[in-house]
J.: 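Take this structure, written in structure tokens, and hold onto it; I'll ask about it next.
Order of listing sets the numbers, starting from 1, for every ligand and every atom in it.
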Amino acid sequence: MPTMTRITLPEVELNICNKNNAVEVPILESVIATSGASPNIIRHITFDLSGTPLEGKFFAGQSIGILPPGTDEKGKPNAMRLYSISSPSRGEDGAGRHHSTTVKRVIGEHWETQQLFTGLCSNYLSSLRAGDRVKVAGPSGKRFLLPENMHDFNYVFFATGTGIAPFRGMIMDLMQAGYKGKIALIFGSPYRTDLLYERYFRGLAAENPGFHYLPTISREDPRADGSRPYVQCQLIDRADLLDPILRQENTLIYICGLKGMETGIIKGLITQNHTDYLQLRGTADPSALLSASSEEFKKSLKPGDRMFLEVY
Ligand code: NAP
């Protein structure tokens, strides 16, 4: 493979439909995406975009807008929410008509009042059944994409929870294109039962020597010092596998999921001397940033061109 190859991102059409001209489409399928008896409810939900302006327009890594019905406390229509698509660019059907997302029902207790709260849009979407109709818009997102010249790169994907969604689609895109390079997928979940698309990823790892799947179970597999293993710990715990991939100049890093993982991964990259993925500002010694305040840390570096981030 060539080194220092230019990253050419595809030209994408954005916001073909927005909140004002959203299209109403049927749900094709809604299935539980976790394995085993998880107490969390996470669904793989597929929309049928056939015959709408959105047909064939989504790329893996982009998001679809969902318009939940009803109004907010000010009487305004509920705001549109964005969900990463988890289908490949050609859709689940190979023709860009059927696109999916991965939704976790948000259910919690308000810490002060002890009242139950439920996420408005995640619960609306999770309750829809095949045949029900939903207003959608998009596509949204123009950087968190695979390069057009995808075969020229290796990929290290870091996901936590439903942050796996775009990587299912991207990995399917790579496999459908006959990709032969190296992929490491590091997927963080609290429990084994919360791992998503587990059978697909395990199957790929078994069949494809270039695909490495590293599930990272924070609440079941403590590290030697008793701490929770997070995705960034794999940079150290599996340096035998990841260092050689990360040292190649044509490796790209993609990160999706919880906001907190960003700092952890950047610190892991500094510890392992992979600072060429970062843009350092006004600091000669990146390792000094490991003990810096979070303000100083944020001021002094940002992701470089080979790092793609989508964290909430
Ligand atoms: P989850 O199932 O709770 O899993 C999150 C995992 O990350 C747990 O193992 C958790 O460990 C671990 N974790 C906690 N703090 C961490 C940190 N600082 N660094 C690394 N790992 C950490 O996740 P979820 O409820 O599905 O949430 C996924 C998040 O991804 C949501 O915030 C969602 O909005 C976001 N998301 C973003 C996009 C996008 O940007 N396009 C797409 C999909 C999802 P413990 O809990 O055991 O400590």
Side-chain angles (χ1 to χ4, degrees), residues 12 32-36 38-45 58-66 80-87 99-108 117-123 125-126 138-146 156-171 185-198 214-223 226-238 253-269 271 294 297-298 303 307-312:
V12 290
I32 290 289
T34 44
S35 47
S38 170
N40 292 309
I41 303 165
I42 306 173
R43 305 191 79 89
H44 179 78
I45 301 176
F58 281 92
F59 280 74
Q62 289 191 299
S63 298
I64 188 166
I66 305 290
M80 183 172 86
R81 270 71 163 178
L82 293 176
Y83 288 85
S84 288
I85 64 157
S86 45
S87 33
H99 276 292
S100 309
T101 188
T102 312
V103 181
K104 179 177 185 175
R105 270 193 193 271
V106 175
I107 303 170
F117 69 81
T118 52
L120 181 107
C121 196
S122 69
N123 280 283
L125 261 185
S126 300
S140 170
K142 62 177 182 189
R143 184 165 190 268
F144 197 75
L145 301 166
L146 284 180
V156 178
F157 296 116
F158 289 94
T160 49
T162 50
I164 195 70
F167 300 145
R168 174 183 182 264
M170 288 182 185
I171 290 167
L185 171 63
I186 303 146
F187 181 16
S189 250
Y191 301 101
R192 266 193 183 75
T193 52
D194 292 331
L195 287 169
L196 301 165
Y197 309 115
E198 171 76 346
L214 304 181
T216 308
I217 312 296
S218 56
R219 301 188 197 174
E220 288 185 52
D221 301 334
R223 297 175 84 209
S227 64
R228 287 182 178 182
Y230 285 162
V231 284
Q232 57 267 32
C233 302
Q234 300 285 18
L235 286 165
I236 292 146
D237 298 350
R238 288 304 317 271
I253 296 179
Y254 287 72
I255 300 171
C256 187
L258 291 177
K259 183 100 189 93
M261 68 196 287
E262 177 182 347
T263 305
I265 291 170
I266 290 177
K267 287 189 171 172
L269 290 171
T271 305
S294 59
F297 188 82
K298 279 189 196 129
M307 190 187 269
F308 298 81
L309 263 168
E310 187 115 332
V311 288
Y312 285 14

J.: Only one of I265, L235, T216 clears side-chain contact (heavy atoms from CB on, under 4.5 Å) with I186; which?
T.: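 In the set I265, L235, T216, the residue that makes a side-chain contact (heavy atoms from CB on, under 4.5 Å) with I186 is T216.
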
J.: What is the closest protein heavy atom to atom 46 (O) of ligand 1, and at what distance does it sit?
T.: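 Looking at atom 46 (O) of ligand 1, the protein heavy atom closest to it is R219 NH2, 2.7 Å.
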
J.: As an exercise, state the distance from OG of S87 to CZ of F59, rounded to the nearest 0.5 Å.
T.: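 Here the rounded value is 12.5 Å.
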
J.: To which protein heavy atom is atom 39 (C) of ligand 1 closest, and what is the distance rounded to 0.1 Å?
T.: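 Residue, atom and distance for the closest contact: E310 CG, 3.4 Å.
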
J.: Yes or no: does A165 have any heavy atom under 4.0 Å from an atom of ligand 1?
T.: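 For ligand 1, residue contact (heavy atoms, under 4.0 Å) with A165 is absent.
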
J.: Can you tell me the protein heavy atom closest to atom 3 (O) of ligand 1 and the distance?
T.: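 Residue, atom and distance for the closest contact: K104 NZ, 3.7 Å.
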
J.: How close does the nearest protein non-hydrogen atom get to atom 31 (C) of ligand 1, and which residue and atom is it?
T.: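 In this structure, atom 31 (C) of ligand 1 has L258 CD2, 4.1 Å as its nearest protein heavy atom.
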
J.: Give a yes or no on whether K142 atom NZ has more than 12 heavy-atom contacts from other residues, nucleotides or ligands under 6.0 Å away.
T.: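 For K142, atom NZ is not crowded (no more than 12 foreign heavy atoms under 6.0 Å).
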
J.: Against ligand 1, does G264 come closer than 4.0 Å with any heavy atom?
T.: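 Per 4.0 Å heavy-atom rule, G264 does not contact ligand 1.
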
J.: Assign the ring pair Y254 / F308 to parallel, tilted or perpendicular, where the plane angle (0 to 90°) is split at 30° and 60°.
T.: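 Taking F308 first and then Y254, their aromatic rings lie parallel (interplane angle under 30°).
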
J.: Out of F167, Y230, F187, who is nearest to atom 21 (N) of ligand 1 when you count heavy atoms only?
T.: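 Minimum heavy-atom distance to atom 21 (N) of ligand 1 goes to Y230.
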
J.: For a 4.5 angstrom cut-off between non-hydrogen side-chain atoms, does L269 reach I253?
T.: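 Side chain of L269 against side chain of I253, heavy atoms only: contact under 4.5 Å found.
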
J.: Give the ring-plane orientation class for Y197 versus H44, where under 30° counts as parallel, over 60° as perpendicular and anything between as tilted.
T.: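 The arrangement is perpendicular - the two ring planes meet at more than 60°.
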
J.: So between I42, T160, L309, whose heavy atom ends up nearest atom 7 (O) of ligand 1?
T.: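 Looking at heavy atoms only, the winner is T160.
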
J.: Who's the nearest protein heavy-atom neighbour of atom 26 (O) of ligand 1, and how far?
T.: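 Residue, atom and distance for the closest contact: T162 N, 2.9 Å.
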
J.: My understanding is that only residues two or more places apart in sequence, or in another chain, count here; which of them pass side-chain contact (heavy atoms from CB on, under 4.5 Å) with S189?
T.: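 side-chain contact (heavy atoms from CB on, under 4.5 Å) check on S189 returns F187, D194, L195, I217.
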
